[in-house]
Amino acid sequence: MISAAAQGLVLSWWDRHGRDLPWRDTRDPWAVLIAEIMAQQTQVNRVVPRWHEFLERWPTPAVLAAASLADVLRAWQGLGYPRRAANLHRSAQVVVADPGLGGSLPDTLEGLLALPGIGPYTARAVLAFAHEADVGVVDTNTGRILARVGGRRLGARAAQVAADAWVPAGEGWAWNQAMLDVGALLCRPVPRCHDCPLATSCRWALDGWPNPDPAAKSAGVSVRQAPYRGSMREVRGRVLDVLAEGGATTDDVIASSVRALAPSAAHHAEPLDVRVVEALTQLEADGLVAVSASIVTLAGDPAVA
DNA sequence: TATTCGTGGAA
DNA sequence: TTTCCAAGAAT
């Protein structure tokens, strides 16, 4: 738990130092969902302009559901993890097709979790930020705070229990926004405790920051990741870039991708064209790419050579 | 529980 | 330059 005094310190710190993010001016569940999906493993400053563009083009689930996946993937270019875009597109189609929902997103935890690409964090973020529900939102930022203030490493379940318990009654929206900002601005991987409203409540800080940092690998978030350069992720990314320009023969796509990958090809024994073919195969299996009669396109694009 | 899934800003 | 890691989810 956390004291009412500490809660007050957090909220008053946030009044003065909280970030000004555009999705904080809306309670539209669709707009909130787009922001949350885009922000998954992606810095919010990079999301802001893309969020405006996306919502202007597809302001409701219905209009997104009617768009081609290829157009959605193009709108996603540069954000990374394109399957987020595919899942969002699919979620929109589910919502539109379900007579019980009438084109609106579910407003229950279970309903949101049932949609592809929406997990424990995103579902609760929609509840807290669109519906102003008193639920705790656990992400990489709040997960660090919970572990450090508690002075011990937390599993995903314990982190969720603590996050829920910390929410001041009736303040779910502001509290979670504040926690996200404390985590992003102060309780960072390398902490900046000097101005932190929780400094006098934080077990880890009060004990003199002993090793190991309780936030490390805590709350089931912030997974350590493999190198990107030379990875299959990089290969798939370059292949999608090439396909975004328009359909081409498989040979053309392979040649263009190999060219785009040339700078990072040196460290790998397997020939680049073999890896590109493997990437195409994976992308097709994931439904992001369509291959027909030796023509490759983004899924949903007309296959004109 | 451990891996895999893109991209780019920041230190 | 390299390394880290960001409003996570799915498997």
Side-chain angles (χ1 to χ4, degrees), chain A residues 18-19 21-24 31-51 73 76-88 90-91 112-130 135-146 153 155-157 159-160 163 173 175-185 187-190 192 213 215-241 244 260-261 263-264 267 278-279 282-283 285-288:
Chain A
R19 291 175 292 181
L21 299 170
W23 45 86
R24 290 178 170 169
V32 169
L33 179 66
I34 305 301
E36 298 304 336
I37 299 281
M38 284 186 171
Q40 289 170 6
Q41 296 290 285
T42 307
Q43 283 147 325
V44 294
N45 290 335
R46 271 204 305 135
V47 167
V48 171
R50 313 302 298 273
W51 179 79
L73 290 172
W76 206 265
Q77 274 198 291
L79 282 174
Y81 290 147
R83 66 182 189 185
R84 291 183 294 172
N87 281 334
L88 185 57
R90 203 170 310 135
S91 286
L112 287 162
L113 288 173
L115 295 173
I118 299 184
Y121 165 76
T122 304
R124 289 178 176 82
V126 170
L127 293 178
F129 298 140
V135 295
V137 160
V138 178
D139 79 322
T140 186
N141 294 299
T142 64
R144 272 197 306 272
I145 302 172
L146 294 165
R153 203 176 140 185
R157 184 173 313 166
Q160 185 62 59
W173 187 90
W175 176 256
N176 283 293
Q177 300 285 11
M179 286 284 283
L180 253 4
D181 282 353
V182 170
L185 302 175
C187 198
R188 298 160 56 87
V190 177
R192 301 175 184 179
D213 181 350
K217 294 186 295 183
S218 214
V221 294
S222 189
V223 185
R224 184 135 186 92
Q225 44 194 276
Y228 177 67
R229 187 175 176 78
S231 69
M232 284 303 298
R233 283 188 290 169
E234 181 184 27
V235 179
R236 282 188 296 269
R238 297 287 75 75
V239 170
L240 278 185
D241 281 349
L261 285 160
S264 63
H267 306 293
E278 185 187 342
Q282 285 185 39
L283 288 166
D286 290 343
L288 301 182

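A, B, ... follow the sequence lines: proteins, then strands. Residue 1 opens every chain. No hydrogens, no waters, no symmetry mates; every other heavy atom, side chains included, goes into these values.
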Exercise for the section: Run the salt-bridge test on A/Arg24 and A/Asp181 with the 4.0 Å N-O cut-off and return the result as yes or no. Expected result: yes
Problem - Same-atom distance (P) from C/dT11 to B/dG6, integer angstrom - result: 14 Å
Exercise for the section: Identify the residue among A/Val182, A/Leu185, A/Leu180 that makes a side-chain contact (heavy atoms from CB on, under 4.5 Å) with A/Asn141. Expected result: A/Leu180
Completion exercise
Rounded to whole Å, CD of A/Glu278 lies from C1' of B/dT4 at a distance of 13 Å
Handout entry: Closest contact, heavy atoms only, A/Ala39 versus A/Val44
Key = CB-CG1, 4.4 Å
Exercise for the section: In whole angstrom, give the distance that lies between atom CD of A/Gln40 and atom P of C/dA9. Expected result: 5 Å
Handout entry: Polar side-chain contact A/Arg19-C/dA7 base: donor and acceptor under 3.5 Å
Key = yes
Exercise for the section: Report yes or no: does A/Arg144 contribute a side-chain atom to a donor-acceptor pair with the main-chain N or O of A/Ala184 at less than 3.5 Å? Expected result: no
Practice task
Verify the contact: side-chain N or O of A/Arg144 to OP1 or OP2 of C/dA6, cut-off strictly under 4.0 Å; return yes or no.
Solution key: yes
Practice task
Answer yes or no: side-chain N or O of A/Arg83 and base N or O of B/dC5 forming a donor-acceptor pair under 3.5 Å.
Solution key: yes
Exercise for the section: Quickly work out the A/Asn176 CG to C/dG8 P distance and round it to whole Å. Expected result: 13 Å
Practice task
Record whether the side chain of A/Thr42 comes under 3.5 Å of the base of B/dG6 through a donor-acceptor pair of N or O atoms.
Solution key: yes
Fill in the blank from the handout: Whichever of A/Leu180 and A/Leu113 has the more 5' nearest nucleotide on DNA chain C, that residue is A/Leu180
Problem - Distance in Å, A/Asp241 CG paired with A/Gln77 CD, rounded so as to fall on 0.5 Å steps - result: 5.5 Å
Practice task
Determine: side-chain N/O of A/Thr122 to OP1/OP2 of C/dA9, distance under 4.0 Å, yes or no.
Solution key: yes
Problem - Polar side chain donor-acceptor pair, A/Gln282 to A/Arg236, under 3.5 angstrom - result: yes
Problem - B/dC5 OP1/OP2 closer than 4.0 Å to side-chain N/O of A/Gln282 - result: yes
Problem - Near-parallel close stack of A/Tyr81 and B/dG6 base (under 5.5 Å, under 30°) - result: yes
Practice task
Measure the distance from CZ on A/Arg84 to P on B/dT7 and round it to the nearest whole Å.
Solution key: 10 Å
Practice task
Under 4.0 Å between any heavy atoms, over every strand shown, what does A/Trp76 touch: base, sugar-phosphate, or nothing? Just pick one.
Solution key: nothing
Problem - Nearest-angstrom distance from the residue atom CG of A/Leu185 to P of B/dA10 - result: 13 Å
Exercise for the section: Return the value, rounded to whole Å, for the distance between atom CG of A/Leu79 and atom C1' of C/dA6. Expected result: 12 Å
Handout entry: Base of B/dT7 paired with side chain of A/Arg46 (donor-acceptor, under 3.5 Å)
Key = yes
Exercise for the section: Using the P atom on both, measure B/dT3 against C/dA7 and round to a whole Å. Expected result: 24 Å
Exercise for the section: Could you check how far CG of A/Asn87 sits from P of C/dA10, rounded to whole Å? Expected result: 7 Å
Handout entry: Distance below 4.0 Å between A/Arg238 side-chain N/O and B/dT7 OP1 or OP2
Key = yes
Practice task
Under 4.0 Å between any heavy atoms, over every strand shown, what does A/Pro116 touch: base, sugar-phosphate, or nothing? Just pick one.
Solution key: sugar-phosphate
Exercise for the section: With C1' as the reference atom in both, quote the distance from B/dT4 to C/dC5 in angstrom, rounded to an integer. Expected result: 16 Å
Problem - A/Trp51 side, atom CH2; A/Leu21 side, atom CG - distance, nearest 0.5 Å - result: 9.5 Å
Practice task
Check whether any side-chain nitrogen or oxygen of A/Arg224 sits under 4.0 Å from OP1 or OP2 of C/dC5, and answer yes or no.
Solution key: yes
Fill in the blank from the handout: Contacts of A/Gln41 and A/Tyr228 projected onto DNA chain C by closest heavy atom; the upstream (5') one is A/Tyr228
Practice task
May I ask you to say what A/Gly119 touches in the nucleic acid, namely base, sugar-phosphate or nothing, with a heavy-atom cut-off under 4.0 Å?
Solution key: sugar-phosphate
Handout entry: A/Arg236 side-chain N/O to B/dC5 phosphate OP1/OP2 under 4.0 Å
Key = yes
Practice task
Looking at every strand, decide which applies to A/Leu21 at a 4.0 Å heavy-atom threshold: base, sugar-phosphate, or nothing.
Solution key: base
Practice task
Measure the distance from CG on A/Asn141 to P on C/dC5 and round it to the nearest whole Å.
Solution key: 13 Å
